[in-house]
Amino acid sequence: MKITIVVDNEAENDLKKEWGFACLVESNEKVLFDTGASTEVLAHNAEKLGIKAKGIDKLVISHDHWDHTGGLDWALQNKELEVYILESFSSQLKQKLSGFKVIEVKELTEISKDIYVSGPIESTDKYRLYEQALLLKAANGIVIITGCAHPGLEKIIEKAKQLGNVQAIIGGFHGFSRLEALRGLALIAPCHCTVRKKEIEKAFPDKVKKCKAGLTLEF
């Protein structure tokens, strides 16, 4: 199972960076998780990484903020794409997906062999935002991929534990501060909107992998 960061706030070599997040999971099928903030950056980075829109089987959108849906037009070049969203997403986004096979995820669901979506996890702040994470069943445990983790990383970890022991977490951690929740993980890759990257790196120097567009991880 291979994970490639396609869009992030940081980028390597000749890839472009922007405030946004997207990654590709390659297993029995290819699953794109989020689309970054712009078609321009997603298309540029995908081309450099040898990723073609028509080669992607499924798209999962974590939440409908602009920095995760801005590159949607690039992905929608693939008219056969299956798209996994939440019921809470805006009517504008749903309208844009008209004509595609769209699945509104209501609970923990397997969408491909050993690839799951968490279903809606609610934030407890005043915004009452719903978000979903991607959960992968790898050889040594569960790998979590988050968009921004608005509901709280702890809640996402608890959801993932329904599938087994969590070994790794990758993606945006937002304002997450209870670092002890990361103890015992084999790999931590804070990306995109993570506020406390330096604190996490200092607390887990042997576990942290610096996230940037172009990073590949295999499990």
- Do you reckon Leu215 sits in the same ILVMFWY cluster as Leu185, going by side-chain contacts under 4.5 Å, direct or chained? no

- Message: Quick check: closest heavy atoms across Leu42 and Gly71, and the distance to 0.1 Å?
- Response: CD2-O, 3.4 Å

- Query: Taking the side chain as C-beta and beyond, is there a heavy-atom pair between His174 and Cys193 under 4.5 Å?
  - Reply: yes

- Task: Just jot down the ring pair (Phe, Tyr, Trp, His ring centres under 6.0 Å) partners of His65, sequence neighbours excluded, or say none.
- Result: His63, His150

- Message: Heavy-atom count check: over 12 atoms from other residues, nucleotides or ligands less than 6.0 Å from Lys48 NZ?
- Response: no

Validation: residues 20-34 side-chain donor-acceptor distances under 3.5 Å, sequence neighbours left out:
residue, atom, partner, partner atom, Å
Glu29, OE1, Lys58, NZ, 3.0
Glu29, OE1, Ser112, OG, 2.8
Asp34, OD1, Ser62, N, 2.7
Asp34, OD1, Ser62, OG, 3.2
Asp34, OD2, Ser62, OG, 2.7
Asp34, OD2, His68, ND1, 2.8

- Query: Is atom CD of Glu122 surrounded by more than 12 heavy atoms (other residues, nucleotides or ligands) closer than 6.0 Å?
  - Reply: yes

- Note on the structure: Rounded to the nearest 0.5 Å, the CG atom of Asp64 sits from the CD atom of Gln92 at a distance of 9.0 Å

- Expected output: side-chain Glu18 to main-chain Gly36 donor-acceptor under 3.5 Å: no

- Message: Rounded to the nearest 0.5 Å, what separates atom CD1 in Ile3 from atom CG in Leu187?
- Response: 9.0 Å

- Task: With rounding to the nearest 0.5 Å, note down the distance linking CD1 in Ile188 to NZ in Lys209.
- Result: 13.5 Å

- Message: Other residues, nucleotides and ligands only: do more than 12 of their heavy atoms fall within 6.0 Å of NZ on Lys16?
- Response: yes

- Between the CG atom in Leu135 and the CD1 atom in Ile156, the distance rounded to the nearest 0.5 Å is 9.0 Å

- Message: Test of understanding: clusters of I, L, V, M, F, W, Y form through side-chain heavy atoms closer than 4.5 Å, transitively. Do Leu59 and Ile170 belong to the same one?
- Response: yes

- If you round to the nearest 0.5 Å, how far is NZ of Lys52 from CD1 of Ile56? 11.0 Å

- Item | Taking every non-hydrogen atom, the tightest pair across Leu72 and Thr35 | N-OG1, 3.3 Å

- Are Ile169 and Phe219 connected in a single hydrophobic cluster, I mean Ile/Leu/Val/Met/Phe/Trp/Tyr linked by side-chain heavy atoms less than 4.5 Å apart? no

- Kindly work out whether a path of hydrophobic side-chain contacts (I/L/V/M/F/W/Y, heavy atoms less than 4.5 Å apart) joins Ile111 to Val143. yes

- Student check: side-chain heavy atoms of Glu87 and Pro120 closer than 4.5 Å: no

- Item | For Ser88 against Tyr130, the heavy-atom pair lying closest together | OG-CB, 3.5 Å

- Item | Test side chain to side chain contact (heavy atoms under 4.5 Å, CB included) applied to Lys94 and Ile85, step by step | CA-CA 9 Å; Lys94 291 179 181 179; Ile85 65 170; 3.9 Å; yes

- Query: Hey, quick one: are Ile144 and Ile61 part of the same hydrophobic cluster, counting side-chain heavy atoms closer than 4.5 Å, chains of contacts allowed?
  - Reply: no

- Query: If you look only at pairs with a residue in residues 65-80, which of them pass as a salt bridge (charged side-chain N to carboxylate O under 4.0 Å, His left out), with sequence neighbours excluded?
  - Reply: Asp73-Lys96

- Task: Might you confirm whether atom CD of Gln77 has over 12 heavy atoms from other residues, nucleotides or ligands at distances under 6.0 Å?
- Result: yes

- Query: What's the shortest heavy-atom distance between Ile157 and Ala181, and which atoms?
  - Reply: CD1-O, 4.0 Å

- More than 12 heavy atoms of other groups within 6.0 Å of Lys106 NZ: yes

- NZ (Lys197) with more than 12 external heavy atoms under 6.0 Å: yes

- Item | Between CZ on residue Phe204 and CZ on residue Arg183, distance to nearest 0.5 Å | 6.0 Å

- Item | Verdict with supporting geometry, Glu131 and Cys148, side chain to side chain contact (heavy atoms under 4.5 Å, CB included) | CA-CA 8 Å; Glu131 186 173 334; Cys148 274; 4.2 Å; yes

- Query: Should the pair Glu110-Lys137 be classified as a salt bridge under the 4.0 Å nitrogen-to-oxygen rule?
  - Reply: no

- Side-chain heavy atoms of Phe173 within contact of Thr146, under 4.5 Å: yes

- Verify disulfide (SG to SG under 2.5 Å) between Cys191 and Cys211, making sure each step is shown before the conclusion. CA-CA 5 Å; Cys191 306; Cys211 184; 2.1 Å; yes

- With side chain to side chain contact (heavy atoms under 4.5 Å, CB included) as the test, would you mind laying out the steps for Trp74 and Ile51 before giving the verdict? CA-CA 11 Å; Trp74 178 85; Ile51 299 168; 4.1 Å; yes

- Message: Can you confirm whether the side chains of His192 and Asp8 place a donor and an acceptor under 3.5 Å from each other?
- Response: no

- Item | Enclosure of Lys155 NZ (heavy-atom neighbours >12, cutoff 6.0 Å) | yes

- Message: Main chain of Gly141, side chain of Asn165: is a donor-acceptor contact present, judged purely on distance under 3.5 Å?
- Response: no

- Task: Please tell me if the side chains of Leu86 and Val105 come closer than 4.5 Å, counting only heavy atoms from C-beta onward.
- Result: yes

